[in-house]
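Take a look at the structure set out below.
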Amino acid sequence: MPARRAPLAAPAREEGDAPGSTPRAGSAARAARAHRPRVSWAGAVVAAAVLVHLLLAWRLRGFVTDDSWITVRYAENLAAGAGWVWNPGGPVVEGASNPLLVLLEALVVALGGSALRTAQVLGVAGGVACVLLVGLGGRAVVGRGAAAAGALLTAASAPFAAWAVGGLETLPVAALLTAGTLQLARPDGGRAPLAAAAFAALPWWRPEGLLVVAAVVGLGELPTVLALLRRRRPRPGSLRRLLWLAGLPCAAQLALEALRWGVYGHLLPNSVLYKAGTGAPFEVLEKFLDQSAVVVVPAVLGAVLVRGRARLLLVPPLVHAAGSIGTLDSANAFSRFLLPAWPVLALLAGVALVRLAGLAPRRARQPVAVVLAVAAAAAALLAPDGGAERVDRWQQRYTACKAGARAEAAAWLRTTPASTTYGVSDAGLVPARAGRTAVDMFLLNDPLLQRTGPLPPQRRAEEVLARRPDVLVLASRSPEEFRAAYPTDAAVHERAVAAGYRLAHVARGAGTGCAYHLWVLRR
């Protein structure tokens, strides 16, 4: 009998083929899946982080810091054609330290928009940019997982969101600093023109911008700098790279100083003279560490773990920490001075969380990393000192108590003759909305500060009373009896009573436990 032929074996199905499908159909299914858009877990975390930041900003949208109204006042005067002045018809003075924000707000006001809303939109956009920069741009520096965790921690900061809507330049500065630092921290050194462009904008937003740039660029391009100092020929292309990174920011700073000298006749804004070296040594830094320990502690571990050019992530936090030493703790609620370095701190914390997840079995590392990132973000949001509930309660009290008293005082001043002059210490909302000539009792918005530097309270009081203002607006901790909120107000009150000023109105702050009221004295 002829041997029976074995039946042909059916072709084996490859992994992913549906049961009973032919190989051709399975191949087609695999090809369709290959072209189907995939959303990675890291991308989902970054998208969630953007949403967290926007939700926090919406929750805290009622917060507007008093200093933001100083920028508004300068911008509105500039848009109205009054010039770079605090009082229309008064001397030019640089009491605002964010010239680009003043210019942008003035442009929007000239077009019929709101200066304050402009600052808030830029702030929220800056926050979103920070989250995306960390979550996407951080991948080339520390990896996809650490970048995603860092994005979530960046967004899960209630102080970060509060200063997004607070009306100042804090978050646009953070976005520019993060963008430039992440470029230079890439393993290949990044694209120098992009980093230089981001760094060049910083001096126009904040006075200390070039100092941070100098530290990041100097350490990032240290071999080239050392070669030049030793009069050796640097590597090919490295000199051109250094010229980009150092030359463009320096050119931007020189252009700003030329404008500053031409307009004001000085090189440093009043805020630098007023705040630098006039505060307690570590007050600003201690507050930041207390409120941000949930992220700062793992960030310290991440700083130990990073290698190579990624170590440049350490530079912005260290420079800002050093700069905060001795700085006057003014307009620094929830550590605004150190928030520009927050995104890179969060990224370093993400490095630590992913490394901890690496201790888990291989298949569990990804979900463990997500769980650790979510847990750290939740801890930051629930933290007793800097969490969302704490910041929200604070901003509500601030709005009802301090901003409420200032709005009432401004409304009272609008009932006085248009020629009225008045003195005030918290020179933001009241001057911006009172529509009268103001005397800044702290002299922050006065050209005199450029000649004298910061004066003690007694000297300030003498200077204010020498100008014989019609009205004095003094901050008191009580509406019933005058208990000065500031030493300057105490000194002015003492002299004002002797000079014949009498109480005309008390603008009361609202809310339980409010200890901020404005006594209005009149000659």
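Just so it is clear, the model here is predicted, and its values are computed rather than measured. Note that the numbering runs from 1 along the sequence shown for the chain.
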F337 and H320: CA distance, side-chain angles, deciding distance, side-chain contact (heavy atoms from CB on, under 4.5 Å) verdict: CA-CA 8 Å; F337 292 160; H320 277 85; over 6 Å; no
Parallel, tilted or perpendicular: rings of H266 and Y264 (30°, 60°):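 Y264 vs H266 ring planes: parallel.
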Compare all side-chain heavy atoms of [X] with those of [Y] and state whether any distance is below 4.5 angstrom.
X    : Y    : value
V93  : D440 : no
L313 : V142 : yes
V272 : S97  : no
T181 : V212 : no

side-chain contact (heavy atoms from CB on, under 4.5 Å) between D290 and K287, worked out: CA-CA 5 Å; D290 288 343; K287 283 185 177 180; 5.7 Å; no
CA sep, side-chain torsions, deciding dist, call: E105, Y74, side-chain contact (heavy atoms from CB on, under 4.5 Å): CA-CA 9 Å; E105 288 186 6; Y74 281 102; over 6 Å; no
Passing candidate, side-chain contact (heavy atoms from CB on, under 4.5 Å) with V213, options V216, L211, V217: V217
Atom CZ of R393: over 12 foreign heavy atoms under 6.0 Å: yes
Closest approach of A158 to G386 (non-hydrogen atoms, all atoms of both residues):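 Here A158 and G386 meet closest at CB-O, 4.0 Å.
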Closest non-hydrogen atom pair between T399 and G62, with its separation: OG1-O, 3.4 Å
Side-chain H-bond candidate by donor/acceptor type, Q120 with R117, under 3.5 Å: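 Result is yes, a qualifying pair exists.
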Donor + acceptor pair across side chains of R235, T224 (<3.5 Å): no
Pairwise ring-ring contact (aromatic ring centres under 6.0 Å, His included) hits with a residue in residues 163-216, at least two apart: F63-W163
Presence of salt bridge, K402 and D66, under 4.0 angstrom: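 No salt bridge links D66 with K402.
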